[in-house]
Amino acid sequence: MRQDNGFQWRKQLIWGLLFIGVGSAMLLDRAGLLELDLDLARLWHYWPVLLVITGLIQMIPPTSARFVINGLWKIFFAAWWYVSFEHLWGLDFSDTWPALIVASGLGMVLQPILAKELS
């Protein structure tokens, strides 16, 4: 249970700091002290960054093997989605979906190894 409480604390801390930063930037923009180009359609392409943030939150100690695997999965999924959606390196969803199967298998293999290491 200690790990679950630590995770909740980290999650609340990181999201709180993120909201403070975004809100402060918006206030400074409204006050004319900072010029932001808030094109929401363009910003939408970067939503996988939120998954990376949540994945990193889960991996910050104290943690468990389950949290590390879930964090790695979120980071991988965000990277996969971004590469596929933006057609980086000429790849799209039809080319990259097998990577999801490989990542799932890696998660299954790493779980017992990490459980032994982190206990």
Side-chain angles (χ1 to χ4, degrees):
M1 282 308 224
R2 181 176 169 270
Q3 292 162 338
D4 288 336
N5 289 338
F7 170 67
Q8 290 301 326
W9 180 83
R10 288 190 311 273
K11 185 170 79 169
Q12 185 173 346
L13 176 68
I14 298 295
W15 284 111
L17 290 173
L18 184 66
F19 281 6
I20 289 169
V22 169
S24 298
M26 289 178 157
L27 281 172
L28 290 172
D29 178 54
R30 299 285 183 208
L33 300 172
L34 181 68
E35 189 172 326
L36 296 176
D37 183 18
L38 292 177
D39 181 6
L40 294 179
R42 191 179 64 193
L43 286 176
W44 177 247
H45 289 281
Y46 300 105
W47 74 265
V49 170
L50 296 175
L51 280 179
V52 171
I53 292 169
T54 59
L56 290 173
I57 290 168
Q58 286 186 319
M59 294 171 52
I60 297 171
T63 191
S64 68
R66 178 176 56 99
F67 285 146
V68 171
I69 295 296
N70 286 344
L72 288 172
W73 173 253
K74 287 178 181 178
I75 292 168
F76 172 79
F77 185 80
W80 171 80
W81 183 273
Y82 190 75
V83 165
S84 299
F85 188 76
E86 295 293 328
H87 303 285
L88 297 180
W89 306 298
L91 300 173
D92 61 10
F93 292 108
S94 64
D95 298 322
T96 59
W97 69 265
L100 297 174
I101 297 171
V102 172
S104 296
L106 281 172
M108 290 178 197
V109 169
L110 286 176
Q111 178 107 22
I113 296 168
L114 288 174
K116 185 177 178 183
E117 277 299 312
L118 295 173
S119 60

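Not measured: the values here are computed from a predicted model.
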Open item on the list: Looking at every non-hydrogen atom in both residues, tell me the closest pair between Ile75 and Met59 and how far apart they are.
Closed with: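 So the minimum-distance heavy-atom pair works out to CD1-SD, 3.9 Å.
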
Task: For the student: nearest non-hydrogen atoms of Ala115 and Ala65, plus distance - done: N-CB, 3.4 Å

Just how far is it from atom [atom1] of [X] to atom [atom2] of [Y], taken to the nearest 0.5 Å?
X	Y	atom1	atom2	value
Asn70	Ser64	CG	OG	8.0 Å
Gln12	Ile57	CD	CD1	11.0 Å
Phe19	Met26	CZ	CE	10.5 Å
Ile53	Lys74	CD1	NZ	12.0 Å
Leu72	Gln58	CG	CD	9.5 Å

TODO: Considering only Ile, Leu, Val, Met, Phe, Trp and Tyr, and joining two whenever side-chain heavy atoms are under 4.5 Å apart, list the other residues clustered with Ile101.
DONE: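 So far as hydrophobic clustering goes, Ile101 is joined with Trp97.
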
Open item on the list: Which Ile, Leu, Val, Met, Phe, Trp or Tyr residues join Leu106 in one cluster when any pair of side-chain heavy atoms under 4.5 Å counts as a link?
Closed with: Val102

Open item on the list: I'd like to check the side chain to side chain donor-acceptor pair (under 3.5 Å) partners of Gln111; sequence neighbours left out, ordered by chain and number.
Closed with: none

Task: Residues in side chain to side chain donor-acceptor pair (under 3.5 Å) contact with Asp95, at least two apart in sequence or another chain - done: none

Task: ILVMFWY cluster, Val49 and Tyr82 together (side-chain gap under 4.5 Å) - done: yes

TODO: Would you check, one step at a time, whether the test side chain to side chain contact (heavy atoms under 4.5 Å, CB included) holds for Ser84 with Thr96?
DONE: CA-CA 7 Å; Ser84 299; Thr96 59; 2.6 Å; yes

Open item on the list: Is there a side-chain contact between Leu50 and Thr54 in this structure, where contact means two heavy atoms from C-beta onward sitting under 4.5 Å apart?
Closed with: no

Open item on the list: Tell me every residue that passes side chain to side chain contact (heavy atoms under 4.5 Å, CB included) with Ala78, counting only those two or more places apart in sequence or in another chain.
Closed with: Pro48, Leu51, Val52

- [ ] Just jot down the side chain to side chain contact (heavy atoms under 4.5 Å, CB included) partners of Leu100, sequence neighbours excluded, or say none.
- [x] Trp73, Phe76, Phe77, Trp80

